[in-house]
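Not measured: the values here are computed from a predicted model.
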Amino acid sequence: MGVGVNKQDLSPIVFSSGCRLVVPVMGSTGGSGRSTVADLLAERMAAAGAATVVLDTAPRLSSPWPSWTVGQQAGGLAALPPDRPLTRSRVRHAAAVRSDGGGPDRHVLTDGRDWHSPPLVLPDDPAAWLQLAAIGGWQCVVADTPHPVAHDVLESRCAGRIGRTRAWYELPYAVPVLCASATAGGVQALQQAVMALHADGMPLRRTVVALVAQTDGRLPAVVRGRRHHALRPYRRCRPPPARPAHPLPRAADGFPAAHTYPAGGRAALPGSPRGGPSFMGHTASRRTTTRALGRGRSFIDEL
């Protein structure tokens, strides 16, 4: 069930010097407004006083960040070879600066080279990206991640390994954001992604949902029609299996327990337990309400 964010409900936040935050922004499918939400969140965190960096983990030709930071002399990710020691000044000089003129600046680590340059081999492990941000000395890390969530959860489970989604969830100070288009297809893809996360034991209590659409500032009709129904059918039509293919781990305080898997890989995702997930998400339009997510009350206030 989603909760809309109105301008009159917004209140300023202050990011203290001792706080650390990792925000992996993920998409249930393509065209979910993931990069836009990541940009708005970085803007809001910077306005709250946090030294903020956006990590562009997508390949260059499928990412908007090179065009959003074009014309700068920053070396980007290509100036940070993985086989050499890095210093804070070197990492900071490699980051581009994104600013809207009136607000505070935030840094962006992306591959801003020409489109015909050889592609970089980017790390898959989220811990490597977090280490890079730690060397740069940033308080808030917003990661724009390109992998499809539901496919990654299912593929990694069947292969018997830790996928990218779980690896981002298991980072310290992580508050994942799951984006979806505010259309019928987008909400359906969101349902599927949420149920995959729930079945794999992900801590949905600290997951934020952002629905994105291009509107005149009002909630789209599909959001108004589904915000009270979209995630409820699973409470009725998904009974627990008699003998699940693989028992779900028991969680304490919202965090999943350690996984143990037999040799040869993990079983397919079991059906959802009775009750299904229950979480709070922000509904956001691309033009006004999503902007409110970036400028107004942060999701940190609601954790």
Side-chain angles (χ1 to χ4, degrees), residues 13-28 32 34-58 63 65 77 80 86 88 91-92 94-96 98 104-110 122-147 149 152-153 156 162-179 193 197 200-210 251 253-256 279-282 293-294 297-303:
I13 65 170
V14 176
F15 207 95
S16 63
S17 59
C19 290
R20 296 293 183 273
L21 183 63
V22 177
V23 186
V25 183
M26 299 177 283
S28 54
S32 59
R34 185 192 69 245
S35 299
T36 299
V37 172
D39 188 31
L40 294 174
L41 287 173
E43 177 189 352
R44 184 66 188 102
M45 294 298 101
T52 304
V53 64
V54 176
L55 301 177
D56 179 17
T57 67
S63 171
W65 292 102
L77 293 172
L80 304 174
L86 300 176
R88 175 168 300 186
V91 174
R92 289 271 184 158
R98 182 155 170 78
D105 296 340
R106 59 268 192 201
H107 292 93
V108 179
L109 279 173
T110 185
L122 301 176
D124 292 333
D125 188 0
W129 291 98
L130 180 60
Q131 183 181 24
L132 180 62
I135 295 173
W138 288 287
Q139 286 180 267
C140 180
V141 179
V142 180
D144 188 358
T145 66
H147 67 278
V149 171
D152 174 72
V153 171
S156 60
I162 297 178
R164 294 187 186 182
T165 303
R166 178 168 293 281
W168 281 111
Y169 264 91
E170 292 181 349
L171 289 180
Y173 327 113
V175 180
V177 175
L178 184 60
C179 302
L197 293 171
D200 203 36
M202 300 289 186
L204 290 177
R205 290 183 179 272
R206 56 184 173 94
T207 300
V208 178
V209 167
D253 299 327
F255 289 83
F279 66 97
M280 305 297 287
H282 292 290
L293 178 63
R297 182 182 59 194
S298 168
F299 53 80
I300 302 176
D301 299 328
E302 299 186 358
L303 296 180

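Taking CG of D56 as the start and CG of L109 as the end, the distance is 9.0 Å to the nearest 0.5 Å. Between the CG atom in L132 and the CG atom in L86 there is a gap of 6.5 Å [rounded to 0.5 Å]. If you take OG1 on T57 and CE on M26, they are separated by 11.0 Å, rounding to the nearest 0.5 Å. Taken to the nearest 0.5 Å, the SG atom of C179 stands 8.5 Å off from the CG atom of D144. To the nearest 0.5 Å, the span separating CZ on R20 from CH2 on W138 amounts to 13.0 Å. To the nearest 0.5 angstrom, L178 atom CG is 6.5 Å from L197 atom CG.
The side chain to side chain contact (heavy atoms under 4.5 Å, CB included) search around A46 returns T52, P104, R106, not counting sequence neighbours.
The closest donor-acceptor contact from the side chain of T145 to the backbone of H147 lies at 3.5 Å or more, if one exists at all. Between the side chain of R166 and the backbone N or O of V153 there is no donor-acceptor pair closer than 3.5 Å. D125 places a side-chain N or O within donor-acceptor distance of the main-chain N or O of A127, the cut-off being under 3.5 Å.
Counting heavy atoms from C-beta on, the side chains of P176 and V208 never come closer than 4.5 Å. Proximity of Y169 to R164: side-chain heavy atoms (C-beta onward) are nowhere separated by under 4.5 Å. Put simply, the side chain of H107 does not reach to within 4.5 Å of the side chain of V54, judged on heavy atoms. Using a 4.5 Å heavy-atom threshold, the side chains of L21 and M45 count as touching. L204 places a side-chain heavy atom less than 4.5 Å from the side chain of T207. Residues V25 and V142 form a side-chain contact, since some pair of their non-hydrogen atoms from C-beta on lies under 4.5 Å apart.
Between D105 and R98 no salt bridge is recorded (no basic side-chain N to carboxylate O distance below 4.0 Å).
Across all non-hydrogen atoms, the minimal contact from G27 to S32 is CA-OG, 3.6 Å. Among all heavy-atom pairs drawn from V22 and P172, the shortest one is CG2-O, 3.5 Å. Listed here is the closest heavy atom pair of R88 and A134: NH2-O, 4.1 Å. Taking all atoms of both residues into account, the shortest heavy-atom contact from A210 to V177 is CB-CG1, 4.3 Å. When all heavy atoms are compared, the tightest approach of P123 to W129 is O-NE1, 3.0 Å.
The residue from L77, V141, V108 that alone fulfils the side chain to side chain contact (heavy atoms under 4.5 Å, CB included) condition with L55 is V141.
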